[in-house]
Amino acid sequence: MNDDAAFQRITGVSRETMDRLQIYERLLQRWNARINLISKSTEHSIWTRHMLDSAQLLKLAPVGWKSWADLGSGGGFPGAVIAMIAAEQCPNATVTLVESDQRKAAFLRAVGRETGIDMTVLVQRAETLAPLAVDVLSARALAQLPTLLGLAKRHLSSDGAALFPKGSKASSEISQALETWRFRCETHISQTDKEAVVLKIGDIERV
């Protein structure tokens, strides 16, 4: 699935949301020529590798969530995709994108302006950012699980959930994390890669 029509068929998003996502895709292609937002090798598969890979997290979010933070957002995956779909499905929810790179943050703000999406972009490092106390926390290709758990402990509300897409070494990362953390973990097979998973994690405590 490499096109927007297939994405819409799979996700069921509205025409208005698709218009926003298509604007986003065009901006991404344009800016990626100047700054490294996504790998050049994935430019031909944006709708699968990035859009759908991000959108699948929404179905795993806790019912009734009101606040979401995406750490190390980079080119906006999954945070910007979540914000665009949530604008229709969860209109009262807030989405915050945390990105320490000034150029990438400028891109994310341009995406917000061009698509009309109200998403907050914070140009800070997640480790030093004041606790956000959000219902949902996501991070894609940011760090190993032990490090992510420290960030999740800092920024999640007491009953919040972290959603971390991981590759084929997820089991190894979980084992490593259990040496220093105690947590509840559900493993969900990725829609876009049979070797990948999404970890849904809560009840995080340091051992």
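All of these numbers come straight from a predicted model, not from anything done at the bench.
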Separation between CG of Leu122 and CG of Leu129, rounded to the nearest 0.5 Å: 6.0 Å
Where the side chain of Glu127 meets the backbone of Leu151, is there a donor-acceptor pair that is under 3.5 Å apart? no
Any sub-3.5 Å donor-acceptor pair from Gln56's side-chain atoms to Gln191's backbone N or O? yes
Show, in sequence, the C-alpha distance, side-chain angles and deciding distance for Trp47 and Glu25, and conclude whether the side chain to side chain contact (heavy atoms under 4.5 Å, CB included) test is met. CA-CA 9 Å; Trp47 288 97; Glu25 182 205 14; 3.3 Å; yes
Would Gln29 and Arg26 count as a side chain to side chain contact (heavy atoms under 4.5 Å, CB included) if you check the C-alpha gap in whole Å, the side-chain angles of each, and the deciding distance to 0.1 Å? CA-CA 5 Å; Gln29 297 276 18; Arg26 290 193 292 272; 5.8 Å; no
Going from NZ on Lys166 to CG on Asp193, what distance comes out if it is rounded to the nearest 0.5 angstrom? 14.0 Å
When rounded to the nearest 0.5 Å, the distance separating SG of Cys185 from CG of Leu145 is 7.0 Å
Only distances under 3.5 Å count here; give the side-chain donor-acceptor pairs of residues 71-87 to other protein atoms, sequence neighbours excluded, each with its distance to 0.1 Å.
unit_1, atom_1, unit_2, atom_2, d
Ser73, OG, Asp70, O, 3.1
Ser73, OG, Asp70, OD2, 2.8

In terms of heavy-atom contacts, Gly116 and Arg20 come closest through O-NH2, 4.3 Å
Tell me whether Ser157 contacts the main-chain N or O of Val134 through its side chain, where contact means a donor paired with an acceptor under 3.5 Å. yes
Close side-chain approach of Leu37 and Leu28, heavy atoms under 4.5 Å: yes
How close do Ala152 and Ala162 get, counting heavy atoms only, and between which atoms? CB-CB, 4.2 Å
State, without any angle test, whether Thr42 and Ser39 hold a side-chain donor-acceptor pair at a distance under 3.5 Å. no
Qualifying salt bridge (Lys or Arg N to Asp or Glu O under 4.0 Å) pairs, either residue in residues 134-163, two or more places apart: Asp53-Arg140, Lys153-Glu205
What one should report as the nearest heavy-atom pair of His155 and Pro131 is ND1-CA, 3.6 Å
Side-chain heavy atoms nearer than 4.5 Å, only ILVMFWY residues, links allowed to pass through others: does that put Leu60 and Leu142 together? no
Residues Leu149 and Ala177: closest non-hydrogen pair is CD1-CB, 3.6 Å
Do other residues, nucleotides or ligands put more than 12 heavy atoms under 6.0 Å from the NZ atom of Lys40? yes
Kindly compute the distance separating CH2 (Trp181) from OG1 (Thr147), expressed to the nearest 0.5 Å. 9.5 Å
Keeping to residues at least two apart or across chains, list the salt bridge (Lys or Arg N to Asp or Glu O under 4.0 Å) pairs with something in residues 109-119. none
Can you name the nearest heavy-atom pair linking Lys200 to Pro62, along with the distance? NZ-N, 4.4 Å
Verify, without hydrogens or angle tests, whether His44 (side chain) and Ser41 (backbone) share a donor-acceptor contact under 3.5 angstrom. yes
Can you tell me if Glu195 uses its side chain to pair, donor with acceptor, with the backbone of Ser168 under 3.5 Å? no
Please tell me whether Trp31 and Leu21 are part of a single hydrophobic cluster in this structure, the criterion being side-chain heavy atoms less than 4.5 Å apart. yes
Determine whether Val111 and Met119 make a side-chain contact, defined as any pair of heavy atoms from C-beta on separated by less than 4.5 Å. yes
CD1-CZ distance between Ile35 and Arg103, expressed to the nearest 0.5 angstrom: 5.5 Å
Same cluster or not: are Val198 and Trp65 linked, directly or through other Ile, Leu, Val, Met, Phe, Trp or Tyr residues, by side-chain heavy atoms under 4.5 angstrom apart? yes
Whether the side chain of Thr128 engages the backbone of Arg125 through a donor-acceptor N/O pair (distance < 3.5 Å, no angle test) should be reported. yes
Given Thr120 and Leu97, is the side chain to side chain contact (heavy atoms under 4.5 Å, CB included) satisfied, shown in steps? CA-CA 6 Å; Thr120 300; Leu97 280 60; over 6 Å; no
In this structure, OG1 of Thr192 is separated from CG of Leu52 (nearest 0.5 Å) by 6.0 Å
Could you state whether Leu57 and Val197 fall into the same hydrophobic cluster, counting links through intermediate Ile, Leu, Val, Met, Phe, Trp or Tyr residues with side-chain heavy atoms under 4.5 angstrom apart? no
With a 4.5 Å heavy-atom cut-off, do Phe107 and Asn32 have their side chains touching? no
Is it the case that atom CD in Glu16 sees more than 12 heavy atoms from other parts of the structure closer than 6.0 Å? no
Taking all non-hydrogen atoms of both residues into account, name the closest pair between Trp68 and Ala61 and its distance. CZ3-CB, 3.7 Å
Please examine the side chains of Ile117 and Tyr24, heavy atoms only from C-beta on, and report whether any two atoms are closer than 4.5 Å. no
For the hydrophobic clusters of this structure (ILVMFWY residues joined by side-chain heavy atoms under 4.5 Å, transitively), does one cluster hold both Leu163 and Ile204? no
